[in-house]
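Right, one structure below, let's go through it.
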Amino acid sequence: MENQLYIHNTLSRKKELFEAINPPFAGMYVCGPTVYGDPHLGHARPAITFDLVFRYLQHLGYRVRYVRNITDVGHLVADLDEGEDKIAVKARLEQLEPMEIAQYYADRYFIFMDSLNVKRPSIEPRASGHMIEQIRMVQQILDAGYAYEVNGSVYFDVEKYSKTFEYGKLSGRVLDDLMTNTRALEGQDEKQHPADFALWKKAQPEHIMRWPSPWSEGFPGWHLECSAMSTKYLGNYFDIHGGGMDLLFPHHESEIAQCQAAIGHESVKYWMHNNMVTIQGQKMGKSLGNFITLDEFFTGKHRLLEQAYSPMTIRFFILQAHYRSTLDFSNEALQAAERGLKKMLTACETLGRLVPATDTPNTEGTGRINALKTGCYEAMNDDLNSPILIACLFEGVRIINSAADGKERLNEAELAMLKEIFNTFLFEILGLKDEKGSDQHETIDGLMQLILSIRQKSRETKDWGTSDQIRDTLQKLNITVKDGKEGSTWENL
RNA sequence: GGUUUCGUGGCCGAGUGGCUAGGCAGCGGUCUGCAAAACCGUCCACAGCGGUUCGACUCCGCUCGAAACCUCCA
């Protein structure tokens, strides 16, 4: 672990040296999806961001336990269906069991994340499976005196908490402002203070998802599951807690308060937040109804999409922006990502075919490739700057293509170094992969070699008619023939 | 209104007090039977106005504009 990894801690708003609490182990908790809808591009961002963190920490030699929750108990809604559970609403519409809905969308989530080559976390706990832990935590907070019960519901006493601790330290909020600015929502009359939040909510009669508790039959407040499950699996003090920036307040702010109240100290060392995906400058989100699902991206079936985009194109697109910047969706941007990725992967293939052009050691060339590798590490160590890393890899692409063009002469050591760089950074850490079908690839490649050799013969006899017919027909099958000095190669779109 | 943040070239997107980001697109070459690919070269920036500084796109202030959060959301 000689690499010094710096990550941006939202708590200090600075880049801090990552020092594991208990090396070589590292614990990371990330807020996962609420499973009542198909995953969209916005879900892909944190999944890929923290997949990058997961992969890089592992690369650095950490033994990482990565926990990402599945929220399947639904949250309170604040509209006319006050107090009702989101999953329950959907379930009634579709005449299904709420847990059936949750299961369905959780499965969908897993499938789409797999296709994006997002590694599965070590543990994916469900809120519904941790009622006991959540109820216990409510009790701990009550015992500590930072919560009160009203009519079977339990609320966190933010006002009392803020006398000793700083509620708002993560998001930079001031309690007085919250007091004056929090809207008076219906059914909030039970709260002593508008900024108080529910730890346990008594279920209304129409509520389908409910669990018994010492206070009422009801359901947990929506900040509680993360506090309960993160500390259960990672301990009372763990390294990284991640999530989208939109969760900063009140979700993560309240998590800090809950842990402080229940455990007696904070539970998280580094808070990391990814920024939003925007569409026409606006956040892509469920509430705005401007989201495009991953399924729609992969099939191209959405009115805003000019074409289908492959999972790796989406992944590359996301990694081309730094995780703390907003990322604006557009067809033009995705098409640029698609072409850039193709260029990158083609160069990797080329690299595999390159043979040493010289056996003389070249200190200058070797030094340059070494510098490339150093640049890659520096990019990752600087708060996981994947766009810089990708820029470094494109420098490698240039070297590879120059070598293939005969303009550079690489020796065996240099080729090996390049291969190592691409294997490590492009495939292992960025998690990109070649999407060409692997099963029949060998067969097709054999067929293609045959066709290309026939075409080569026709070219040698200047039978351009046959030569072009082969090329044009293949093109119609989305296979591009590329003639080079060393013969022809082919590429399937 | 409050909190947090942002405004970079045709598009996407990094970064730094003085030195080329990168990708896509464009333009000009090389290569090629033609094409594609590739290679070389090249054009187009740092919202506006002040201030600090030998020097600012980078620091400070103001103006304009945008976003996220304050209410379910990744």
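All values reported here derive from a predicted model rather than from experimental measurement. Order of the sequence lines fixes the chain letters, A, B, ..., with proteins taken first and strands second; residue numbering starts at 1 for each chain.
In a base pair of the Watson-Crick type (N1 to N3 plus N6-O4 or O6-N4) or a G-U wobble (N1-O2 and O6-N3), with each distance short of 3.5 Å, G28(B) is matched with C40(B). Nucleotide U4(B): paired with A67(B) (Watson-Crick or G-U wobble, both distances less than 3.5 Å).
With hydrogens and angles left out, the side chain of R471(A) and the base of A35(B) share a donor-acceptor pair within 3.5 Å. Side chain D468(A) to base G33(B): a donor-acceptor pair is found below 3.5 Å.
Side-chain N/O atoms of R398(A) include one lying less than 4.0 angstrom from OP1 or OP2 on C40(B). Side-chain nitrogen and oxygen atoms of W222(A) include at least one within less than 4.0 Å of the OP1 or OP2 phosphate oxygen of C72(B). The side chain of K283(A) places an N or O atom within less than 4.0 Å of a non-bridging phosphate oxygen (OP1 or OP2) of C69(B). Listed pair S325(A) / A14(B) meets the phosphate criterion, a side-chain N or O lying under 4.0 Å from OP1 or OP2. Residue N401(A) places none of its side-chain N or O atoms closer than 4.0 Å to OP1 or OP2 of A37(B). Close to A37(B), at under 4.0 Å from its OP1 or OP2, lies no side-chain N or O of K343(A).
Annotation: Y323(A) is not in aromatic contact with F50(A) [ring centroid separation under 6.0 Å not met]. Between F156(A) and Y167(A), the gap from one ring centroid to the other reaches at least 6.0 Å. The six-membered or imidazole ring of H193(A) lies away from that of Y161(A), with a centre-to-centre distance of 6.0 Å or more.
Mapping I399(A) and M276(A) onto RNA chain B by nearest heavy atom places I399(A) at the nucleotide closer to the 5' end. If P46(A) and Q282(A) are placed on RNA chain B by their nearest nucleotide, the residue sitting closer to the 5' end is Q282(A).
Remark: nothing in residues 106-123 of chain A comes within less than 4.0 Å of RNA chain B through any heavy atom.
Remark: ring of F394(A) does not overlap the six-membered base ring of G23(B) in a stacked fashion, as centroids less than 5.5 Å apart with planes less than 30° apart are not both met.
Distances were taken from every side-chain heavy atom of R13(A) (C-beta onward) to each of U5(B), C24(B), C73(B); the shortest belongs to U5(B).
Residues D328(A) and S330(A) have side chains that never bring a donor and an acceptor to within less than 3.5 angstrom of each other.
Atom-to-atom, CE of M245(A) to P of C70(B) comes out at 14 Å; the value is rounded to the nearest Å.
Spacing of C1' atoms, C57(B) relative to G33(B), comes out at 50 Å, to the nearest Å. For the P atom pair drawn from G17(B) and C59(B), the interatomic distance equals 8 Å after rounding to whole Å. G22(B) and C54(B) have their C1' atoms separated by 32 Å, with the value rounded to a whole Å. Here the separation of C60(B) from A56(B), taken at their C1' atoms, is 12 Å to the nearest Å.
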